[in-house]
Structures are given as structure tokens and as C-alpha cells.
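Read through the structure below, which is laid out as C-alpha cells, and then see the notes.
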There are 2 protein chains.
Amino acid sequence: MTLSEEDYIKAIYHLGKGNNTTVSTNAVAEKMDTKPSSVTDMVKKLSEKGVVNYKKYKGVSLTEYGQKLALTLVRKHRLWEVFLVEKLDFSWDEVHEVAEQLEHIKSEKLIDRLDKHLGFPQVDPHGDPIPSKKGEFKKAIKKLLNEVPIGISGICVGVKDSSGPFLKFLDKNKIALGDTITVLDKEEFDGSLHIQIQGRKIHISNQIATNLFLKITE
Amino acid sequence: MTLSEEDYIKAIYHLGKGNNTTVSTNAVAEKMDTKPSSVTDMVKKLSEKGVVNYKKYKGVSLTEYGQKLALTLVRKHRLWEVFLVEKLDFSWDEVHEVAEQLEHIKSEKLIDRLDKHLGFPQVDPHGDPIPSKKGEFKKAIKKLLNEVPIGISGICVGVKDSSGPFLKFLDKNKIALGDTITVLDKEEFDGSLHIQIQGRKIHISNQIATNLFLKITE
DNA sequence: ACAAATTTTTAGACAAAACTAAAAATTTGT
DNA sequence: ACAAATTTTTAGTTTTGTCTAAAAATTTGT
């Protein structure tokens, strides 16, 4: 696969939300920041190659083979993200662009060894699951912290309230995007939570918990 | 720079042996496994961009700017080779092809961080020096082990005699390509050598020493 | 020195991946 | 249902990097 073909495969995969939904030419064009006519051309080529199912005017979806290719790309992308954050101290939000380049490197051995070097991580720095070599992987869902059951862990991926005071609170309490949070216990009385965050145990109000998004892998 | 442009820059650099000698169109074509006419085209383009000096029929050399680009590529290539060998347990001879891809990744931060992660290595697994961020670096020379002065270290990069018995000897004595060897002392009498290899101290005959190549950085 | 051999360049084509403009198909609104 | 709006495709170009074949320049051998 060429670089460009791989980019289309990933776009179709992500637009289909991993469920392999049929997606429109226009949607792909927008995602890839290109023109619909270019998408039509490429999609025809990918169809010839057995990567996608394509019927004129009817949209495009990945074949079994195409899905396998997409999962390999996702696996490579997320492993490189882990590498950048864990080994090279990149921050949460700096990794995407570089991983976007690294995912195109062609060497199965490289990815296997990288996986091992990183200790076979299950999720990337954004909390998204990393497909196994065979393409198996768990789905991730985004939940508000107050809806997370006791005993479950997730990665902090966003805030609902992005006001100054709330962000200041998070900063003061050293709660940051990318942090791993486990719900230890809930108080029936006021809905407040006992959580473990990056190893520390703290107690937060229900109001805080309703404004933090966690990504959970099942 | 595009991928292809970068490959030409590297080819011109390596053909010029780092001394920025003028090289012929045919030589570049052979190195790049392409046709001379393609080289002419590309060289014109690189000349427009100020990367090379080019006079019709007179060959091509890198400009100051082109040399800087070449050294950056060499730096990236060699740092990735160190990474593959040191961190991912690739062997000496498996790294080139993968590094050839990795060297094109565009992110200054990535290379700086990688350099730090690897402990600012001075040479790659083949004993070749790694240019600094500013493009400074030492020259490496290849010498037979018996010609290496006392106190000097190098990396074992080849054998002169590749017969079965000699290779078996090396294997039995755990002398392998990529090993770091230091000359500790020489016996005047028989020209035999006391060396340190990968930490171990051993004594080898002059005959062995005249059949092993070391790469030395000055 | 000059004909032959070699090297290098030019000219014209091609494939990949993009674009623009226009045509065709589908969807939407009433 | 059918005209209007939207989406998608087609047709024809463009750019990048390559190629072949032929022409031009340089080098070599005697």
C-alpha cells in the first residue's frame, strides 16, 4: 500500500467508527481535506485491489481485508504514541502528528519489537485501545466520571466545563488529561467520590465528577 | 524536502564520501538504482532550490545548505540505527532498511528527544560517527586491528579472511561484528595483542589481528 | 587530432494522486 | 411527484518523479 492509500483506509475506518459503516464520498473528502473527485478516483483503485466495497453513488466500506489493514495501521499509530509519551516524554497532545508519519513505516519486526519494548500496552495515551497483532481489540467508551462504576479505571480525556475556575481547580489538584483514574468508592449521601489518580488517593465532590470525561476500555 | 529529494541528497553526500567531491550523473543513477536522465531532472530541481551546485556535463556537488541537509539525514539515520539495536534488539545487519525509512520522519523534537533517550551516542552500530545537531562530527576510518595504536578503541566491522576456520574461531571466542574492541597492549616479540572486547580481556595472535577490521573515530 | 566510445542531456510519455469544471445521479422540499 | 438542491462522478489538466529513445557533449584510444 502506498502512503496515500493507507491514509484513505484509515479515514474510511475512522469514519465508520470501527463498525465498518458505509461512508460517503463527501465525508471522506472532508476528513482527508481533499476534493470529492479525488476520493472517487482513489476509492475505485482501492476497490480494484479488494480493499473496499464500492458501488457508484452508494458510498464505500472496508472489506474484511481492508479492515485488517486499517487495524494494523491503528495498532502502529497507537504503539508509536505510547512510545513518544512513555519513552521520549512527549505530552499527550503533541504525539498525533508524529505518529501519523511513523505509522507508515513498513516493518513487521519493528512493530513487534516496539510492542515488546513498551511492555505490550493495552491502551494509548488517549485511552484508546491498541489492537493486538491479530487485530483483536476492546472497544473504548467515554463516560463522565460520576457514571463510572466502583473498581473501574479509565484515562482522563476531557472536561465538560472548561471555565477558568474549574481548570484552575484541576491544576491545583494535579488532575491532568492523560491521567489514569480509578474509582475506589462512592458516598451515597452527596455523590462524592474517592478516587485514585496517578497513584494518589483523593476525595472529590460530585460536581467535579460530573465535569470530567474518562475513557474506559471494557 | 520530499522523500525522493532527500534520497538524492544522501546519495550525493555518500558518493562524495563526506568531502563534498563533485560526482557524476551516472554514479548517482547507479547508486539510486535509477536512470541517468532521471538524475539530470532531479539535479536541476535541487539546483533551483539551492541544494546542489550543478553545471551541465560537469557533475554535481552539495552546496553548504545541501551539506547541512545531508548531515541532518545522516544524523537521523544513525540515531535510529542505535535505537533499533540498543532498545529493540535488532542485530547489526537488520537495521539499515528500517532506518532508511525512519530517517525521513519530520520532527526536530523527535530527533532531539531520541538522542537524549539514547544517551547522546557518538557512533552508530556500524562504528560510524553521528553528527551533532549542529552538523559537527568526527571522521571514521577503517583499520586492520594490528594497525590500531595502543589505547585506542573501535568497533569490529568486518573480516579480511572469511574462511570457515577463521569464522569458527571468532564464534568460539565470542568476537562478533559490532563488538567494541580496545587495544590494551602489544607484544613486540610475536605481534600478538592484548585486547578488551565487550568488557572481557583476551589475548589474540597477530594473525587474528591482521584479519579483523575495526572502525575508529578520531 | 580526430573517430569511436562513453556520458550526459533533451524531448516526449507515462503513472500516481491531486485538481477544476461540468455532467449525471440522488435526495429533498413542498 | 417533480423541480431544486445536493452529492457524486466524469473528463480533462497538473505536478512529481520516473522512463525510453535520440541528440549533444565529453572523453578515450591510437
Side-chain angles (χ1 to χ4, degrees), chain A residues 1-16 20-63 66 69-70 73 100-101 103-106, chain B residues 1-16 20-63 66 69-70 73 100-101 103-106:
Chain A
M1 294 296 140
T2 67
L3 214 128
S4 197
E5 286 169 342
E6 290 189 345
D7 285 338
Y8 276 95
I9 291 166
K10 260 195 43 176
I12 294 165
Y13 175 83
H14 285 303
L15 286 169
N20 201 27
T21 320
T22 294
V23 298
S24 76
T25 303
N26 259 14
V28 176
E30 188 160 335
K31 179 116 191 167
M32 307 255 327
D33 198 25
T34 183
K35 302 291 166 181
S37 54
S38 307
V39 175
T40 302
D41 287 347
M42 179 56 88
V43 145
K44 277 181 181 170
K45 195 170 69 163
L46 290 176
S47 176
E48 296 274 302
K49 288 196 174 190
V51 174
V52 301
N53 303 117
Y54 169 63
K55 274 262 174 68
K56 273 189 192 180
Y57 296 103
K58 296 302 177 194
V60 64
S61 64
L62 294 171
T63 62
L69 295 175
L73 288 166
E100 204 73 6
Q101 297 180 62
E103 74 191 359
H104 294 293
I105 303 293
K106 280 163 185 59
Chain B
M1 295 296 141
T2 67
L3 213 128
S4 196
E5 286 169 344
E6 290 190 345
D7 285 337
Y8 276 94
I9 292 167
K10 259 194 44 173
I12 294 165
Y13 174 83
H14 285 303
L15 286 168
N20 200 26
T21 321
T22 293
V23 298
S24 76
T25 302
N26 260 13
V28 177
E30 189 160 336
K31 179 117 190 166
M32 307 256 325
D33 198 26
T34 184
K35 302 290 166 183
S37 53
S38 307
V39 176
T40 303
D41 287 347
M42 179 56 88
V43 145
K44 276 181 182 169
K45 196 171 69 162
L46 291 176
S47 176
E48 296 275 299
K49 287 196 175 189
V51 174
V52 301
N53 304 116
Y54 170 63
K55 274 263 172 67
K56 272 189 193 181
Y57 297 101
K58 296 302 177 197
V60 64
S61 64
L62 294 172
T63 61
L69 295 176
L73 287 166
E100 204 73 5
Q101 296 179 62
E103 75 191 0
H104 295 294
I105 302 293
K106 281 163 184 57

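Here is how names work: the chains are called A, B, and so on, in the same order as the sequence lines, proteins then strands, and each is numbered from 1.
When the side-chain nitrogen and oxygen atoms of B/K56 are compared with OP1 and OP2 of C/dT10, one or more of them lie within a distance under 4.0 Å. Taking only side-chain nitrogens and oxygens, B/Y8 comes nearer than 4.0 Å to OP1 or OP2 of D/dT18. Residue B/N26 places at least one side-chain N or O closer than 4.0 Å to OP1 or OP2 of C/dT8. Within the structure, every side-chain polar atom (N or O) of A/Y57 is placed at least 4.0 Å from both OP1 and OP2 of D/dT10.
As rounded to whole Å, 13 Å separates atom C1' of C/dC19 from atom CG of A/D33. Put simply, NZ on B/K44 is 14 Å from P on C/dT8, counting in whole angstrom units. Computed from coordinates, the B/E30 CD to C/dT6 P distance equals 15 Å when rounded to whole Å. Rounding to whole angstrom units, CD of residue A/E48 and C1' of C/dA15 are separated by 15 Å. The interatomic distance linking B/M42 (CE) with D/dT15 (P) rounds to 16 Å, in whole Å. The distance from atom NZ of A/K58 to atom P of C/dT26 is 5 Å, rounded to the nearest whole Å. The distance from atom CG of B/D41 to atom P of D/dT16 is 12 Å, rounded to the nearest whole Å. Computed from coordinates, the A/K35 NZ to D/dG12 C1' distance equals 17 Å when rounded to whole Å.
Looking only at distances, a side-chain donor or acceptor of B/T63 sits under 3.5 Å from a matching main-chain atom of B/V51.
Within the nucleic acid shown, A/S4 comes within 4.0 Å of sugar-phosphate atoms alone, with no base atom in reach, counting heavy atoms only. Residue contacts for A/S37: at a heavy-atom cut-off of 4.0 Å it reaches a base atom on one of the strands shown.
When distances are taken from the side chain of B/T40 to each of D/dT8, C/dT10, C/dA18, the shortest belongs to C/dT10. Nearest to the side-chain atoms of B/T34 among the listed nucleotides C/dA18, C/dT10, D/dT18 stands D/dT18.
Rounded to the nearest 0.5 Å, atoms CD (B/E6) and CG (B/L73) are 4.5 Å apart.
For the residue pair B/S61 and B/T21, the shortest heavy atom distance occurs at CB-O, 4.1 Å. For the residue pair B/G16 and B/V23, the shortest heavy atom distance occurs at N-CG1, 3.8 Å.
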Dot-bracket notation for DNA chain C, counting Watson-Crick and G-U pairs under 3.5 Å, with | for partners on another strand: ||||||||||||||||||||||||||||||
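Results of the side-chain contact (heavy atoms from CB on, under 4.5 Å) test with A/L62 over A/T22, A/I9, A/L46, A/N53 single out A/I9 as the only residue that passes.
For A/T25 and D/dT9, a side-chain-to-base donor-acceptor distance below 3.5 Å is absent, hydrogens and geometry of angles not being considered.
Considering only heavy atoms from C-beta on, B/M32 stays 4.5 Å or farther from B/M42 through its side chain.
Atom CD of A/E100 is surrounded by more than 12 heavy atoms from other residues, nucleotides or ligands within 6.0 Å.
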